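Bear in mind that the values here come from a model prediction, so they are computed numbers and not experimental data. We use all heavy atoms of the structure for the numbers below, so side chains are in, but hydrogens, waters and symmetry mates are not.
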Amino acid sequence: MQNHSENINSEFIAKSAVDYAPNDSDSRNNQKVQGNAASSDFILNEQTSNVSNAEEENNFCDVNEKPSNQDLEERGSCKSEKDTDNTKNVEEKSSVRTDVIPEGSNDKSTTLENEENDEWMDILGSGQLKRKIVKRAENTFRPQSSFICEINLEGQLEDGTIVDKFEHRKIQVGDAELIQGLDLTLPLMDVGEECLVEVAPRFAYGTQGRAPDIPPNSKITYRIELLSAEPEPELETIPIAERKRIGNEKRERGNWWYARQDYTFAIQCYRRALEFLDDVEGGISHLPKEEDQRLSDELQNLFEDRLKVYNNLAAAQMKIKAYDTALQSVENVLHCQPKNVKALFRKGKILAAKGDNASAVAVLRSASQLEPDNKIIKQELLRLVSLRNEDSKNERNLYKKMLGQEKNTASSTKGSSKSYQIRWGIVFGSVAAVVAGMVAYRYKFL
């Protein structure tokens with residue numbers, strides 16, 4: 001009976017392995033079982049056990065011997081016990097089978113997909129930026145910073161209004177070309193994935209909103225699909241015309257952030273624009289000589305756009321009181337264009353902010369000579385002239401206090417003695433006048 005029970009358990013385990021395998025027992029002998037090595041060894045071992053169990057069962061009941069009624073009853077009881085054990089083992093195997101499902105199985109992926117689709121992931125842990133997967137990707141390739149991504153995007157306000165809808169748009173991750181919430185979400189997505197992103201006002205359009213379609217303090221839910229992602233190409237391989245287009249787009253995006261008073265993002269966009277508007281002749285050195293003049297003109301245009309970005313960068317740096325870096329930015333412009341009025345004006349304001357009013361007045365006078373009718377320059381110049389005069393007066397007083405203290409003490413002593421003399425003279429004069437009057441009055445009535 002012990003051997004019989006062992007045969008029953010071995011037979012059931014082999015049967016469970018057969019149920020787990022994707023094909024029947026005949027095809028399993030000729031086909032490689034997919035999955036991990038552990039599950040394959042498990043199935044092959046159970047097949048061997050199944051064959052041995054069948055041989056033992058034949059030895060247990062001889063086919064040439066006719067079974068008696070008692071044997072049949074014992075065989076029936078064994079079969080009922082076997083069915084009961086099979087039912088228990090099936091329940092145990094079903095509870096464990098999810099743990100041994102190999103990677104790539106449809107059942108497991110479906111289960112994980114349903115679990116993830118039902119949950120929101122709090123990206124920042126503050127509830128202000130959440131993501132929910134709608135469609136999982138077939139791979140695990142994710143974009144990194146500065147990758148160029150192609151996306152489909154559609155935003156929806158809480159009242160159902162559609163905003164920011166576009167298809168097959170190319171953006172660069174981390175370059176502030178989208179709102180901050182989406183810029184933080186893209187590196188967490190796989191190529192081919194589609195998800196919902198709930199963005200709080202802080203990481204969307206904030207307290208200002210975006211007229212006329214997005215009110216202030218609006219929460220926006222975006223549906224975003226990541227179609228492709230590829231690394232940024234080497235700048236030297238990009239033609240001049242393309243670099244000019246990309247650089248100006250980033251400059252305009254910086255102007256948009258500057259108008260919203262988000263000066264940090266504006267500076268980020270301006271710096272990225274400078275990288276594309278560099279005058280490196282990459283990717284076009286193979287042009288024939290007859291196009292050298294056209295190439296020179298393109299480089300000149302690229303250079304002028306670069307100076308515009310430096311001017312805007314200096315203005316944004318002044319807003320965050322980064323005066324040293326702002327001064328360096330305007331110096332880059334004046335080094336190439338000494339008569340650039342905007343650069344001269346901003347340099348004057350920077351020097352004034354650093355406390356050098358005399359140098360600021362000299363710079364603004366140069367700017368005023370280039371544009372005599374510019375009222376803004378004149379007003380700033382008058383203000384700085386008055387500040388300079390006041391500074392000069394304070395300096396003179398300071399020098400007097402530092403160098404003329406003894407002289408002032410001596411002169412004050414002499415002045416005090418003279419005042420005493422004047423006082424005594426007035427007293428004697430008054431007494432003499434009174435006496436003379438009394439004498440005259442007496443002689444008049446005598």
Side-chain angles (χ1 to χ4, degrees), residues 116-135 137 142-229 246 249-273 312 315-316 319-320:
E116 292 191 14
N117 288 349
D118 294 338
E119 297 180 358
W120 286 89
M121 182 180 73
D122 192 349
I123 296 177
L124 301 177
S126 61
Q128 299 190 18
L129 182 61
K130 297 187 292 184
R131 178 175 71 106
K132 179 180 180 181
I133 298 177
V134 176
K135 183 182 74 174
R142 293 184 175 183
Q144 301 178 11
S145 179
S146 76
F147 270 43
I148 298 176
C149 299
E150 184 178 359
I151 62 173
N152 292 335
L153 185 69
E154 179 178 323
Q156 184 174 355
L157 301 179
E158 292 180 297
D159 60 359
T161 304
I162 302 299
V163 295
D164 292 338
K165 182 178 181 180
F166 44 80
E167 296 181 352
H168 300 283
R169 177 173 176 178
K170 289 188 176 181
I171 58 97
Q172 201 156 8
V173 179
D175 278 9
E177 296 182 9
L178 298 172
I179 60 173
Q180 188 178 9
L182 296 179
D183 230 358
L184 294 173
T185 304
L186 276 175
L188 304 177
M189 296 180 61
D190 299 325
V191 175
E193 178 181 314
E194 184 177 355
C195 67
L196 297 176
V197 182
E198 188 178 280
V199 187
R202 178 183 176 185
F203 297 98
Y205 292 95
T207 58
Q208 302 181 48
R210 189 188 67 185
D213 54 345
I214 301 179
N217 297 316
S218 295
K219 180 189 292 185
I220 308 176
T221 302
Y222 287 95
R223 189 181 189 94
I224 182 171
E225 181 180 7
L226 181 57
L227 302 177
S228 65
I246 298 174
E249 286 180 355
K250 294 185 181 298
R251 176 174 63 86
E252 292 173 359
R253 184 66 177 177
N255 294 342
W256 184 81
W257 286 113
Y258 184 90
R260 293 179 58 82
Q261 300 180 357
D262 289 328
Y263 304 116
T264 303
F265 288 138
I267 292 172
Q268 180 180 350
C269 292
Y270 291 145
R271 290 192 179 279
R272 287 290 290 156
N312 294 351
K319 292 294 185 179
I320 63 172

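At distances below 3.5 Å, not a single donor-acceptor pair connects side-chain atoms of Glu154 with backbone N or O atoms of Lys165. The backbone N or O of Ala176 sits less than 3.5 Å from a side-chain atom of Trp257, completing a donor-acceptor pair. Here the side chain of Glu198 pairs no donor or acceptor atom with the backbone of Lys219 at under 3.5 angstrom.
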Derivation and outcome, side-chain contact (heavy atoms from CB on, under 4.5 Å), residues Cys269 and Asp175: CA-CA 6 Å; Cys269 292; Asp175 278 9; over 6 Å; no
Please assess Thr185 against Tyr222 for the test side-chain contact (heavy atoms from CB on, under 4.5 Å), listing each intermediate value before the final yes or no. CA-CA 11 Å; Thr185 304; Tyr222 287 95; over 6 Å; no
After noting the C-alpha distance and the side-chain angles of Glu225 and Lys135, does the key distance pass the salt bridge (charged side-chain N to carboxylate O under 4.0 Å, His left out) rule? CA-CA 9 Å; Glu225 181 180 7; Lys135 183 182 74 174; 3.5 Å; yes
Test Arg169 against Leu153 for side-chain contact (heavy atoms from CB on, under 4.5 Å), laying out the working first. CA-CA 8 Å; Arg169 177 173 176 178; Leu153 185 69; over 6 Å; no
Which is it for Tyr270 and Asn255 under the side-chain contact (heavy atoms from CB on, under 4.5 Å) test, yes or no, and what are the steps along the way? CA-CA 9 Å; Tyr270 291 145; Asn255 294 342; 2.5 Å; yes
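Partners of Glu193 according to the side-chain hydrogen bond (donor to acceptor under 3.5 Å, both in side chains) rule, which considers only residues two or more places apart in sequence or in another chain, are Arg131. With sequence neighbours excluded, no residue forms a side-chain hydrogen bond (donor to acceptor under 3.5 Å, both in side chains) with Gln156.
A heavy-atom distance below 4.5 Å is found between the side chains of Gln172 and Ser146. Residues Phe147 and Leu186 have side chains not in contact (no heavy-atom distance under 4.5 Å, counting atoms from C-beta outward). Residues Arg210 and Asp164 have side chains in contact (heavy-atom distance under 4.5 Å, counting atoms from C-beta outward). At a threshold of 4.5 Å between non-hydrogen side-chain atoms, the residues Leu129 and Val199 count as touching. Residues Phe166 and Ile151 form a side-chain contact, since some pair of their non-hydrogen atoms from C-beta on lies under 4.5 Å apart.
Shown here for Ile267 and Ala316, the closest heavy-atom pair between the two residues is CG1-CB, 3.6 Å. The two residues Gly254 and Ala266 come nearest to each other via the heavy atoms O-CB, 3.4 Å. Contact record, Cys149 with Ala229: SG-CB, 3.9 Å, taken as the closest heavy-atom pair. Here the shortest heavy-atom pairing between Gln144 and Val173 reads O-CB, 3.6 Å.
Between Asp122 and Lys130 no salt bridge is recorded (no basic side-chain N to carboxylate O distance below 4.0 Å).
In this structure, CD1 in Ile133 is found 8.5 Å from CE in Met189, a value given to the nearest 0.5 Å. Here OH of Tyr205 is found 4.5 Å from CD1 of Ile214. Values are rounded to the nearest 0.5 Å. Atoms CD1 and CD, on Ile171 and Glu249 in that order, are 12.5 Å from each other to the nearest 0.5 Å. Between the OG atom in Ser228 and the NE2 atom in His168 there is a gap of 9.5 Å [rounded to 0.5 Å].
Applying side-chain hydrogen bond (donor to acceptor under 3.5 Å, both in side chains) to Glu177 and the options Arg253, Lys250, Arg272 leaves one that passes, Lys250. In summary, of the residues considered (Val163, Thr161, Leu182, Val197), a side chain to side chain contact (heavy atoms under 4.5 Å, CB included) with Ile220 occurs for Val163 alone.
The local environment of CZ in Arg202 is sparse, with at most 12 non-hydrogen atoms from other residues, nucleotides or ligands closer than 6.0 Å. When the shell of 6.0 Å around CZ of Arg260 is examined, it contains more than 12 heavy atoms from other residues, nucleotides or ligands.
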